[in-house]
Amino acid sequence: MFHIEIRQKNRPLVFYKERLYLILSFLFFLWYNVLKILCAKGKYKMHKKEIANILNDIGLLLELKGENPFKSRAYYNAARTIELLDEDIEILVKEDRLKDIKGIGEAINKKITELVLTGKMKYYEDLKASIPEGLVEMLKIPGLGPKKIKTIYEKLNITTIRELEYACIENRLIDLAGFGEKTQKKILEGIQFVKQFSGQHLYPEAYTEALKLKEYLDMTKTALVTKIAGSLRRKKEIVKDIDILAAASDSSKVMEAFVNYPGVKEVIAKGDTKTSVILKSGINADLRVVTEKEFPYALHHFTGSKEHNTAMRHRAKQMGIKMNEYGRQKM
DNA sequence: AGGCCAATACTG
DNA sequence: CAGTAT
DNA sequence: GCCT
């Protein structure tokens, strides 16, 4: 080892003193790399945002269950606290300092710890399974809260926004206790409002999601390089999906890694060149895999915009160059 | 053990 | 107008 | 559920 080898030469103490800085930085370098390797090898790292989202979800689900509103609030508060936390959540968990944070007590501490260590939370899984997904979506409808949703579900057995819309049109809500003409109209308008903006996501939301996804893909080391493409790469304020481009010799490995991303809710399509999924956050994500040679051209192509591409290709053509997502050659 | 945000719109 | 849901 |  390092120390022994030097000692064998029987140096004077001054030698070490003079080189203390070098030695220390070398040791630090070693330590850092070992840590880095361990991290890369280890499990997928849970982000603060995801933990916060889950706590927030629990709050919503509890409201739908008709639980004590203050209990839901406790989860909302904890979610906010976690999201705004500066410190690394994993370190906090490992040193068992989570409970020292205001707003996090016995119960939530245990749940977060379980989530960070195992990547799962039994309580949340069970809770989520006990309530139809559509009910949670209904919360996005302005003017509709957990109490009314609960009534709608229990009395009319409605579980999706679509069903709810029909029920409104058929005037089936006004009979319910606590509902009236105005409420029904408001709900119907609310549904239109939600529809209008569904499938559109704000840049910051989409971008943080995309970064996590990219970070995960890079960790799996199945691709030579990955890059966020599409309108997200162009920093559009509003995007409809996440586009990721990867270069690899074996695309199937990358696709496999992609669909196994913990943030994936549903796989829409899986092929050799393109795979589409829906993330738990509700954002669609596409992954395209090309060869290393094609990558620059593909990146240009998939960054777009479509208008930009057609204009550029038109120009290229005038210059006697053929250009597409695979490459560029003189005609 | 007992409190936890305040203002507003709607129903009955 | 009081109670309730948002 | 959390805090005092």
Side-chain angles (χ1 to χ4, degrees), chain A residues 48 50-87 89 92-93 95-117 120-132 134-161 164-165 167-198:
Chain A
K48 284 189 287 245
E50 297 171 70
I51 296 166
N53 283 340
I54 289 178
L55 292 174
N56 209 60
D57 269 10
I58 293 177
L60 295 173
L61 293 167
L62 289 177
E63 286 204 58
L64 286 170
K65 282 224 142 171
E67 260 282 5
N68 176 358
F70 296 108
K71 194 195 247 189
S72 323
R73 176 125 64 195
Y75 278 95
Y76 295 139
N77 289 337
R80 231 180 334 113
T81 312
I82 293 295
E83 191 174 350
L84 297 178
L85 214 54
D86 288 322
E87 272 194 273
I89 188 90
L92 244 33
V93 165
E95 296 178 2
D96 196 27
R97 280 162 46 215
L98 219 52
K99 57 183 189 329
D100 300 334
I101 300 168
K102 65 130 189 84
I104 297 182
E106 182 71 38
I108 296 187
N109 176 28
K110 268 190 188 157
K111 292 185 173 80
I112 296 178
T113 302
E114 180 194 350
L115 185 59
V116 169
L117 294 184
K120 278 183 169 186
M121 190 190 335
K122 187 75 166 41
Y123 177 72
Y124 174 61
E125 314 269 327
D126 293 344
L127 193 59
K128 194 158 58 112
S130 72
I131 292 169
L135 302 194
V136 184
E137 289 178 45
M138 287 184 205
L139 285 168
K140 289 187 202 147
I141 300 168
L144 242 199
K147 297 267 180 55
K148 289 225 164 77
I149 293 174
K150 195 162 181 282
T151 310
I152 290 167
Y153 172 52
E154 284 169 356
K155 301 290 176 194
L156 300 177
N157 208 28
I158 287 172
T159 57
T160 68
I161 292 185
L164 178 59
E165 187 178 10
C168 287
I169 293 168
E170 290 165 6
N171 271 323
R172 282 160 51 206
L173 292 198
I174 37 179
D175 307 326
L176 271 49
F179 290 65
E181 192 82 21
K182 289 241 190 179
T183 340
Q184 194 183 48
K185 189 169 186 293
K186 195 155 198 272
I187 290 174
L188 199 50
E189 286 167 357
I191 291 175
Q192 299 312 122
F193 181 82
V194 169
K195 273 189 176 174
Q196 190 179 348
F197 297 109
S198 69

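Just so it is clear: chains get the letters A, B, ... in the order the sequence lines come, proteins before strands, and each one is counted from 1. These numbers come from the heavy atoms of this one structure, side chains and all, not from hydrogens, waters or symmetry mates.
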Please report the distance, rounded to the nearest Å, between [atom1] in [X] and [atom2] in [N].
| X | N | atom1 | atom2 | result |
| --- | --- | --- | --- | --- |
| A/I187 | B/dC10 | CD1 | P | 12 Å |
| A/F179 | B/dT11 | CZ | C1' | 11 Å |
| A/I149 | C/dT6 | CD1 | C1' | 11 Å |
| A/D175 | B/dT11 | CG | C1' | 14 Å |
| A/E67 | D/dC2 | CD | C1' | 14 Å |
| A/I82 | D/dC2 | CD1 | P | 12 Å |
| A/L62 | D/dG1 | CG | C1' | 9 Å |
| A/L127 | D/dG1 | CG | P | 10 Å |

Side chains of [X] and [Y]: does their closest heavy-atom pair fall under 4.5 Å?
| X | Y | answer |
| --- | --- | --- |
| A/L164 | A/L173 | yes |
| A/M121 | A/I58 | yes |
| A/Y124 | A/L115 | no |

Could you check whether any side-chain N or O of A/Y75 sits under 3.5 Å from a backbone N or O of A/I54, counting only pairs where one atom can act as donor and the other as acceptor?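 Absent.
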
With distance as the sole test, does A/K155 use its side chain to make a donor-acceptor pair with the main-chain N or O of A/L176 at under 3.5 Å?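 No, because the side chain of A/K155 does not come within donor-acceptor range (under 3.5 Å) of the backbone of A/L176.
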
Looking at D/dC2, C/dT6, B/dC10, which one has an atom nearest to any side-chain atom of A/K147?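 That would be C/dT6.
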
Measure the CZ-OG1 distance between A/F179 and A/T151 for me, rounded to the nearest 0.5 Å.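 So the CZ of A/F179 and the OG1 of A/T151 are separated by 5.0 Å.
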
Once rounded to the nearest 0.5 Å, what's the spacing between atom CD1 of A/I187 and atom CG of A/L144?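 Result: 4.0 Å between the selected atoms.
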
For A/K140 and A/S198, test the side chains for any donor-to-acceptor distance below 3.5 angstrom and give the result as yes or no.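 On atom types as modelled, these side chains do not qualify, holding no pair under 3.5 Å.
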
What integer number of Å spans the P atoms of B/dA6 and D/dC2?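 B/dA6 and D/dC2 have their P atoms separated by 23 Å.
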
Base, sugar-phosphate, or nothing: which does A/I174 touch, judged by heavy atoms less than 4.0 Å apart?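 Nothing, no heavy atom under 4.0 Å.
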
Looking for any heavy atom pair under 4.0 Å, which part of the strands does A/E181 touch: base, sugar-phosphate only, or nothing?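 Result for A/E181 = sugar-phosphate.
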
Indicate the atoms forming the closest heavy-atom contact of A/V194 with A/I141, along with that distance.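 Where A/V194 meets A/I141 most closely, the heavy atoms are CG2-CA, 3.8 Å.
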
Please tell me if A/T183 has a side-chain N or O lying less than 4.0 Å from either OP1 or OP2 of C/dA5.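 For A/T183, the contact criterion (side-chain N or O under 4.0 Å from OP1 or OP2 of C/dA5) is not met.
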
Which of residues 69-79 of chain A sit near DNA chain D, with a heavy atom under 4.0 Å from it?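 Contacting residues: A/F70, A/K71, A/A74, A/Y75.
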
Expected output is a numbered-order residue list: members of residues 98-106 of chain A with a heavy atom under 4.0 Å from any atom of DNA chain C. What is it?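 Residues of residues 98-106 of chain A that come under 4.0 Å of DNA chain C do not exist, since none gets that close.
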
